Amino acid sequence: MVEVKAIVLRAAGINCDMETEYALELAGAKTQRMHINRIIEDKTLLEEFQIIVFPGGFSYGDDVAAGKILANQIIHHLSEPIQKFIDDGKLVLGICNGFQVLVKTGILPGNNSTKHQEETTITYNDSGKFEDRWVYLAPQTNKCIFIEPGRQIYLPIAHGEGKVVTKDSATLDKLKSEGLVAFKYVDKNGQEGDYPINPNGSTDSIAGLTDTTGRILGLMPHPERFVRPTQHPHWSRLKEKPASDGMTIFNNAVKYIQENF
Amino acid sequence: MRQWRFEVFNRSDFSDVHGKSVLEDIKELGISSVQAVQSAKVFLIEADFDKNFAERVAQELLADPVCEEYYIGRSGAPAGLAKATLIEVHLKSGVTDPVADSVMAAVADMGVKADNVRTARKYVLLGEITQSQTDTIAKKLLSNDCIEDCVIGNEAEPPSPHLKPYELQLIHWPIRELEDDELTALSKEKDLFLNLVEMQTIQKYFQELGREPTDVELEAIAQTWSEHCVHKTLKSSVDMSIDGKQVHFDNLLKDTIFKATKQLDKDWCISVFVDNAGVVEFDADSAVCFKVETHNHPSALDPYGGSATGIGGVIRDPMATGMGARPIANTDIFCFGEPDKKLEDIPKGVLHPRRVMKGVVAGVRDYGNRMGIPTVNGAIFFDDRYLANPLVYCGNIGLIDKNKCFDNPQAGNLVVVVGGRTGRDGIHGATFSSGEMTHEHETIFSHAVQIGNPITEKKTLDVLLQANKAGLYEAIADCGAGGLSGAVGEMGKELGVEVNLEKVPLKYAGLSCPEIWISEAQERMVLAVKPENLEAITKIFDDENVESTVIGKFTNDKKLRLLYKDQQVGELDMEFWHEGVPKYSRKAVWKSPQLTEPSIPEKDNYNDELVRILSSYNVASKEWVIRQYDHEVQGGSVVKPLTGVNNDGPSDAAVIQPKFNSDKGLAISCGMNPLYGDIDPYWMALAGIDEAIRNLICVGGRADRIALLDNFCWGNCTKPETFGPLVRAAQACYDGAMAFEAPFISGKDSLNNEFACEDGTRISIPSTLLISAISIVDDINKCVTMDAKRASNLLFIVGETKNELGGSHYYKINDQVGANVPKLDLETAPKIAKKISAAIAEGLVVSCHDCSEGGLAVALAEMAFAGGLGIEADLRGLPKSKDCSRVDMQLFSESNSRYIVEVEPEKYDAFAKLMLNLPFGQIGKVTEEKILLIKTEDGKAVIKADIYSLKQAWQKTFDW
């Protein structure tokens, strides 16, 4: 079997890289955290990896807008190697700030890394402030390799800018008809609702997006923060140890590489 | 070079979240005529690019293509709408502007080097408002005069700060011939905050040297000798009169708090009271260090910047402890005036408490979250005596290799400064925080406010951890109080050091030698590096765009030598500079106040009282604050600050798992209750210690591995009657530490928290002692939380309830203080803590909550609504003292050392056996019906309330 190798991209202000590395290692991927400067210096570095993760944090302080400065850096320095990575059939995961970066480079939705972001963006929460809380997520697609179809999962969000918006309703319709919506925020029973069920006011309760190949996923919630039962917010009152929902995403990624490379 | 101006607005069909929140704040100011607020970001970029490129910068970088639009140039007021007022807020020249730095880098990524970037915020207020209302909005809400300038209307922005380079002027301040009154006047004129004896000591030193001091020498001495840096008061010799009885201490700290630590002599204490933070063993390979600091005066002037740099500063303490720790958790505890205060009741020079609170919370949020450190524990206390002197305590815990807990600078090492650049911000921070505040402080001490850039600190942390691992430096210090003077001086204390001030990298030109040497600009660390390691360590820094510069070298002549372009500007003997401060001797007085217990009529039902206490500021849910902090980053949270079936009940303490591959945990808590201090600070301090320890025990912390921290915030301690209570509290710290065998490992004090109003009246804070505590959790899988777990489980109370309502919240809602302050039973309290800890470790307990503010009734209510279950309780089973006969006493007494414990029926015997010989009793059970029912001994329901209505009362206060 192929050795699964994952890279977690670091940059100034990225701060979820260690726990993301741990989650990938738990899933069985040999994982390396690497600063973006190293890849800009040597663009062939990405070639040995099959999974790239853009982790959470506040890249460059989220100055101007969340993920914007890092997205700008990627557009101007790393467009080609990342496009090649995608074209080679490899996997891209963006979590929280990483999701914001994927959207602001234009990589999500629709795998468009050579152009700029156009019709979808992520902006300030309706509440106007950063919030850390747990949310339920219902998968919206069968085609994204990271997602177990039909399995609702429970994960924490921690962001101030997580509201997904589209330029107009046509763009939204297109996201839906092309199956690009990966996850929606729902309540425990799987129903959409207002705040705090939808914690940031995201259009159509969108919590995550994928691309047409299903090999790119971006989401606001943090799967790397629920990889052990004791991370569940009220594990101490559950009779059975809760399943670590966040691991499904990492496990699926590793399994996909093992089966396809 | 051309300056391009960009304005970025929200598109009209997308909500302007910032504009909306400003509108809400304007309404809170009592101005109702503003109908809408539009906010915009302004970017001023000086660069040689053309209109086409400017369009690209706007489209690709500055404005979001979906929800924003831009205007290149200056847009006027929107036409055809209601009357519009334009207000623009610019940073004062020299104030750090992180966004500008990022934009500069991003424009460079696009292929053009900009010469300068500045940013501003623009607000368009729609509606009829008067000139004075505009001023109020601009000054009280949108800007802070310490760091920002407001431009009202369509005027030009402030000019760009092109400062002239500094030409060295060697300035001497003659003091050798001065008379005493002139010495005092000089200290005041130069803001040295040194008293006459200290000035005389300095005078004598220079008389002996046969020369006058230079400006930088005097400034360096003033910083090092400041109360903030050397804690003169706590180390002073004290003659204390306690109700007429005389007691003497040679050194207050050594005779109380240190003494307990020394006598306990725990082998798991690795480094206590010597480094930036106290260090205790965690496991075979690692240790944890913990430090709590205050940042009160800066937060009073600029709540956002003050608290942000408070947390930023305390994070650097573990980073500079030993050879450097990795920060793993933050704590924060605040004291504010009550937020519903009328604007006209706020003294001149003081910000409204609501604005202070919002700003302080936002500052901690933005800095802590950006650093990627979870903020896991805290508390907020409200009292109007904090109006002019809010207290902002920030704590940080770090994880460090056990073999790297000490550093070792050597002669010949290079002095390397790494991280942020030095600017004019934070000048006189250490001395400023050692004095009292007045209504004029806003203008006089604006330069003492520091502005942080968390990303610079995060970048610096990232590279320092790599350099530490590679073993490329010999010692590390952080630039905190006193700036380079403090950091380099402390490191070179036993050696000697020579610094070339012109080599220090500056944010902008024009800083003088004293400014460079004492600036408290943020995010700077100092390293001692062997010359042969310089290249390797510099590469680590360069690789991640972190600036580092060699500014001098350590010597072996025990002298500080400061040079500017080869000219000597200062020379001091290390011994005089660090040890020369004359020892204080202080008088202290404690007279027990003559207080009486109130007579409050007894009632048949206490539902109203319970609701009033639950919704009071101190007890009410702090979820509004807690959710704004990332308390889960780093993936180590085990017991989160909010818990229960809906993740919104109040946890007693936090537990984190510092290492991914070990089930060992760390419990973190705090205790504080200034209301008890109004009766007797001795019992206040013991109650704080017991509360902090109870909280640790409740979640599963070990009773035999507790380490404590003290943070004293007091009024003007030159007054014997203000200092007396502090001495009382320090004595209690000794007694408490000895009783629990819980040593103090670090501490800090902030004195002179007094405010002189314009009319001469003075506001002093109440005596405030924060106790922070940590302990080890052997197995995180055994942690318990405070929420009721399952119907038909049994509820016990362990610990005796006494007639101790002095300083209680029950008396507070009845506008009373009382006399019977809770008095800790030093013998029983540690026994109870040990037994509860053992019961949890043995798996006999499913939930545990301590009784604190609001007593038994509040604790039961919290357990019930956090668990989404009912509780039926019966006061018959309550272990109580003989004089605790009244029902209201039993419900609301705040006696210490009481724990409510939920036990499964089948574990009753084992639990009861373990509690044998302790005061405990079964008081009820958990029920399915969502009602809190408390019955008296004769079966009458004194509290009967729906748990959701109680929860709503508890939550609505801060439903902001």
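These numbers come from a predicted model, not from an experiment. In what follows, every heavy atom counts, from backbone to side chain, and hydrogens, waters and symmetry copies are set aside. Naming convention: chains lettered A, B, ... in sequence-line order (proteins, then strands); numbering from 1 in each chain.
- For chain A, the nearby parts of B:N369 are the backbone and the side chain; heavy atoms of each come within less than 4.5 Å.
- Looking at heavy atoms from C-beta onward, B:R627 lies out of side-chain contact with A:F130 at the 4.5 angstrom threshold.
- Ion pairing between B:D543 and A:R38 holds under the 4.0 Å rule for side-chain N and carboxylate O.
- The pair B:R370-A:D62 does not count as a salt bridge, with every side-chain nitrogen at least 4.0 angstrom from each carboxylate oxygen.
- Of the possible polar contacts, none joining the B:D787 side chain to the A:H234 backbone as a donor-acceptor pair under 3.5 Å is found.
- In this structure, the side chains of A:P233 and B:L642 stay at 4.5 Å or more apart for every pair of heavy atoms.
- Residues B:E60 and A:H76 form a side-chain contact, since some pair of their non-hydrogen atoms from C-beta on lies under 4.5 Å apart.
- For chain B, the nearby part of A:I14 is the backbone; its heavy atoms alone come within less than 4.5 Å.
- B:V66 is listed as a side-chain neighbour of A:V165, based on a closest heavy-atom distance under 4.5 Å.
- Between the side chain of B:K41 and the main chain of A:V64, a donor-acceptor pair closer than 3.5 Å is present.
- Here the shortest heavy-atom pairing between B:I455 and A:A12 reads CG2-CB, 4.0 Å.
- Interface remark: B:F43 contributes side-chain atoms only to the contact with chain A (heavy atom separation under 4.5 Å).
- For the pair A:K129 and B:W960, the minimum side-chain heavy-atom distance is 4.5 Å or more.
- Under the 3.5 Å distance criterion, the side-chain polar atoms of B:Q628 are left unmatched by any main-chain donor or acceptor of A:E131.
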Let's go through A:K239 and B:K789 carefully: what are the C-alpha distance in whole Å and the side-chain angles of both, what is the deciding distance for side-chain contact (heavy atoms from CB on, under 4.5 Å) to 0.1 Å, and is it a yes or a no? CA-CA 10 Å; A:K239 277 201 170 139; B:K789 298 294 187 304; over 6 Å; no
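- Annotation: the span from A:T123 atom OG1 to B:D16 atom CG amounts to 9.5 Å, rounded to 0.5 Å.
- In this structure, no portion of A:D168 lies under 4.5 Å from any heavy atom of chain B.
- A:R237 places no side-chain N or O within 3.5 Å of a backbone atom of B:G644 that could act as its donor or acceptor partner.
- Across B:L61 and A:I69, no two heavy atoms sit closer than the pair CD1-CD1, 4.3 Å.
- Between the A:D132 side chain and the B:H631 main chain, a donor and an acceptor come within less than 3.5 Å of each other.
- Side chain of A:N15 to backbone of B:M371: no donor-acceptor contact under 3.5 angstrom is found.
- Defined by atom type and a distance below 3.5 Å, a donor-acceptor pair is present between the side-chain atoms of A:R228 and B:Q657.
- Contacts of B:S21 with chain A are absent, with no heavy-atom separation under 4.5 Å from either backbone or side chain.
- For the atom pair B:E632 CD and A:L155 CG, the distance stands at 10.5 Å (nearest 0.5 Å).
- In this structure, the side chains of A:K104 and B:D64 come closer than 4.5 Å at one or more pairs of heavy atoms.
- In this structure the side chain of B:R326 reaches within 4.5 angstrom of the side chain of A:M18, judged on heavy atoms.
- When heavy atoms are compared at a cutoff of 4.5 Å, A:T20 does not approach chain B at all.
- Distance alone, capped at 3.5 Å, places no donor-acceptor pair between the A:W235 side chain and the B:V639 backbone.
- For A:Q231 (side chain) and B:G635 (main-chain N/O), a donor-acceptor pair under 3.5 Å exists by modelled atom type.
- Contacts between A:H232 and chain B at a heavy-atom distance below 4.5 Å involve the backbone alone (N, CA, C, O).
- Residue B:N781 touches chain A through both its backbone and its side chain, counting heavy-atom pairs closer than 4.5 Å.
- Contact annotation for B:A788: only backbone heavy atoms (N, CA, C, O) come within less than 4.5 Å of a heavy atom of chain A.
- B:F660 and A:Y22 have parallel rings, their planes meeting at less than 30° on a 0 to 90° scale where 60° marks the start of perpendicular.
- A salt bridge is absent between A:K167 and B:D13: the closest approach of a Lys/Arg side-chain nitrogen to an acidic carboxylate oxygen does not fall below 4.0 angstrom.
- Here the side chains of B:D630 and A:R225 are in contact, with some heavy-atom distance below 4.5 Å.
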